Amino acid sequence: MTHLQAGLSPETLEKARLELNENPDTLHQDIQEVRDMVITRPDIGFLRTDDAFILRFLRARKFHHFEAFRLLAQYFEYRQQNLDMFKSFKATDPGIKQALKDGFPGGLANLDHYGRKILVLFAANWDQSRYTLVDILRAILLSLEAMIEDPELQVNGFVLIIDWSNFTFKQASKLTPSMLRLAIEGLQ
């Protein structure tokens with residue numbers, strides 16, 4: 001086990017080995033292979049290429065190096081193409097703060113039977129007079145950024161449940177194709 005796997009339970013280590021193809025003997029080599037691909041995309045400003053950060057993307061793509069690199073590149077590309085969304089990207093931002101207070105997203109205390117974190121959104125709770133749909137997306141992305149720091153969640157993942165019941169036509173009118181595309185690209 002390497003220092004990058006410290007804190008993982010024995011069960012999660014085994015799951016990472018079996019389901020994600022994670023091998024402690026080649027972990028640093030795997031990370032370096034992804035890091036070496038960064039130079040192939042000089043158009044992207046890769047702000048982080050440390051081991052722990054790259055490992056998240058390797059785990060997300062089951063240690064397929066090229067797919068992990070593509071995801072890493074998409075992550076930074078999305079952030080660069082949507083600079084306004086990431087200004088004041090912290091829980092104290094008024095829009096994000098209000099969305100978080102209203103449960104966008106809400107997290108259940110217990111994990112599911114696969115060890116995944118369960119996030120819940122009640123779409124009808126959106127108060128359009130207090131914050132925008134972009135604020136909700138920013139709150140979700142900020143929450144995911146914080147959660148993905150946990151190595152257990154990197155291996156086990158999370159589930160997002162959206163309850164659309166009682167969602168009004170007025171609320172739905174804000175779900176433009178461009179807004180939906182922004183949300184889908186951000187969540188990917």
Side-chain angles (χ1 to χ4, degrees), residues 4 6-8 12 44-61 71-112 114-188:
L4 292 168
L8 291 177
T12 304
I44 298 174
F46 291 90
L47 301 177
R48 281 189 67 184
T49 58
D50 56 277
D51 289 356
F53 192 74
I54 290 176
L55 180 56
R56 298 175 197 178
F57 295 90
L58 280 163
R59 285 177 171 155
R61 292 298 179 254
L71 185 61
L72 177 69
Q74 286 173 336
Y75 171 85
F76 284 113
E77 230 173 1
Y78 180 80
R79 290 181 73 104
Q80 289 168 5
Q81 290 171 353
N82 300 288
L83 290 173
D84 287 343
M85 277 187 50
F86 295 98
K87 286 181 183 169
S88 184
F89 190 59
K90 50 191 170 212
T92 56
D93 175 86
I96 293 175
K97 185 176 183 177
Q98 192 59 56
L100 289 170
K101 278 184 178 180
D102 284 1
F104 289 103
L108 300 184
N110 296 323
L111 305 174
D112 75 0
Y114 295 112
R116 299 178 298 195
K117 179 75 174 169
I118 303 169
L119 300 174
V120 183
L121 293 172
F122 294 95
N125 288 353
W126 172 29
D127 184 345
Q128 296 172 310
S129 68
R130 296 187 349 215
Y131 48 91
T132 68
L133 198 53
V134 172
D135 290 326
I136 293 172
L137 178 58
R138 293 174 71 222
I140 293 168
L141 293 176
L142 182 65
S143 298
L144 294 175
E145 290 266 344
M147 287 189 310
I148 206 67
E149 295 277 337
D150 180 354
E152 288 279 333
L153 284 179
Q154 291 172 18
V155 174
N156 293 315
F158 59 90
V159 177
L160 177 61
I161 300 170
I162 303 176
D163 179 353
W164 292 100
S165 60
N166 300 320
F167 193 66
T168 67
F169 181 75
K170 182 179 176 185
Q171 291 169 315
S173 68
K174 301 293 184 185
L175 296 176
T176 64
S178 62
M179 184 62 227
L180 289 172
R181 181 178 179 198
L182 183 70
I184 290 168
E185 288 175 356
L187 293 171
Q188 287 179 337

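In this text the structure is predicted, and so the values were computed from the model without any measurement. Values reported hereafter were calculated over all heavy atoms of this structure, with side chains retained and with hydrogens, waters and symmetry mates removed.
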Q: If I take atom CZ from residue Phe122 and atom CZ from residue Phe104, how far apart are they, to the nearest 0.5 angstrom?
A: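 It is 9.5 Å, given to the nearest 0.5 Å.
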Q: For a quick test of reading the model, state the closest non-hydrogen atom pair linking Lys97 to Ala91 and the distance between them.
A: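 What the structure gives for the nearest pair is CB-O, 3.3 Å.
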Q: Does CG in Asn110 sit with more than 12 non-hydrogen atoms of other residues, nucleotides or ligands closer than 6.0 Å?
A: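 Counting other residues, nucleotides and ligands, CG of Asn110 stays at 12 neighbours or fewer.
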Q: Hey, which of Arg79, Lys90, Arg138 is the one that makes salt bridge (Lys or Arg N to Asp or Glu O under 4.0 Å) with Glu145?
A: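 Exactly one option meets the salt bridge (Lys or Arg N to Asp or Glu O under 4.0 Å) with Glu145, and it is Arg79.
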Q: When rounded to the nearest 0.5 angstrom, what is the spacing between CD1 in Ile161 and CG in Asp112?
A: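 Nearest 0.5 Å value for the CD1-CG distance: 8.5 Å.
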Q: Any donor and acceptor pair, going by atom type alone, linking the side chain of Gln80 with main-chain N or O of Gly45 inside 3.5 Å?
A: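 Yes: the side chain of Gln80 pairs with the backbone of Gly45.
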Q: Take atom CG in Asp127; do more than 12 heavy atoms of anything else shown fall under 6.0 Å from it?
A: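 It does: Asp127 CG has more than 12 such atoms within range.
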Q: Which atoms form the tightest heavy-atom contact between Gly115 and Leu153, and what is the distance?
A: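 Shortest heavy-atom separation between Gly115 and Leu153 comes out as O-CD2, 4.4 Å.
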Q: Heavy atoms, side chains only, cut-off 4.5 Å: are Leu111 and Arg116 in contact?
A: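 Not in contact.
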Q: Please name the pair of heavy atoms, one in Leu121 and one in Gly103, separated by the smallest distance, quoted to 0.1 Å.
A: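 Result for this residue pair: CD2-O, 3.9 Å.
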Q: Give me the atom names and distance for the closest heavy-atom approach of Leu71 to Ala60.
A: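 Looking at all heavy atoms of both residues, the closest pair is CD2-CB, 3.7 Å.
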Q: Within the structure provided, determine whether Val159 and Lys117 are in side-chain contact (heavy-atom separation under 4.5 Å).
A: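 Val159 vs Lys117: side chains apart.
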Q: Does Phe53 have its ring centroid less than 6.0 Å away from the ring centroid of Phe76?
A: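 They qualify: ring centres under 6.0 Å apart.
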Q: Working to the nearest 0.5 angstrom, can you tell me the gap between Leu187 CG and Leu137 CG?
A: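 One gets 6.0 Å once the value is rounded to the nearest 0.5 Å.
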Q: Taking Met85's backbone N and O only, do any of them form a donor-acceptor pair with Asn82's side chain (distance below 3.5 Å, no angle check)?
A: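 Looks like no, no N/O pair under 3.5 Å.
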Q: Nearest heavy-atom pair of Ala124 and Ser165: which atoms, and what distance?
A: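 Looking at all heavy atoms of both residues, the closest pair is CB-O, 3.5 Å.
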Q: So Tyr75 and Phe46, do their side chains get closer than 4.5 Å, heavy atoms only?
A: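 In short, these two side chains do not touch, never coming nearer than 4.5 Å.
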Q: Between Leu182 and Tyr78, what is the shortest heavy-atom contact and its length?
A: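 Closest heavy-atom pair between Leu182 and Tyr78: O-OH, 2.8 Å.
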Q: Quick one: pull up OG1 in Thr132 and CE in Met179 and give me the separation to the nearest 0.5 Å.
A: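 These two atoms lie 7.5 Å from each other.
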Q: Kindly compute the distance separating CG (Asp102) from CG (Asn125), expressed to the nearest 0.5 Å.
A: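 Rounded to the nearest 0.5 Å, the CG-CG separation comes to 7.0 Å.
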Q: List in chain and number order the residues that pass salt bridge (charged side-chain N to carboxylate O under 4.0 Å, His left out) with Asp163, two or more places apart in sequence or in another chain; answer none if no residue qualifies.
A: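 Asp163: no salt bridge (charged side-chain N to carboxylate O under 4.0 Å, His left out) contacts found.
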Q: Could you check whether any side-chain N or O of Tyr131 sits under 3.5 Å from a backbone N or O of Trp126, counting only pairs where one atom can act as donor and the other as acceptor?
A: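 No, Tyr131 side chain to Trp126 backbone: no donor-acceptor pair under 3.5 Å.
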Q: Would you say the side chain of Leu108 lies within less than 4.5 Å of the side chain of Leu119, judging by non-hydrogen atoms?
A: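 Counting from C-beta outward, Leu119 and Leu108 never come under 4.5 Å.
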Q: In the structure I gave you, are the side-chain heavy atoms of Arg181 and Ile184 within less than 4.5 Å of one another anywhere?
A: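 The answer is no, as the side chains (C-beta and beyond) never meet within the 4.5 Å cut-off.
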Q: When rounded to the nearest 0.5 angstrom, what distance separates CD in Gln154 from CG in Leu8?
A: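 CG of Leu8 is found 8.0 Å from CD of Gln154.
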Q: Given side chains that start at C-beta, do those of Leu72 and Arg56 come closer than 4.5 Å, heavy atoms only?
A: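 Heavy-atom side-chain distance check fails, nothing below 4.5 Å.
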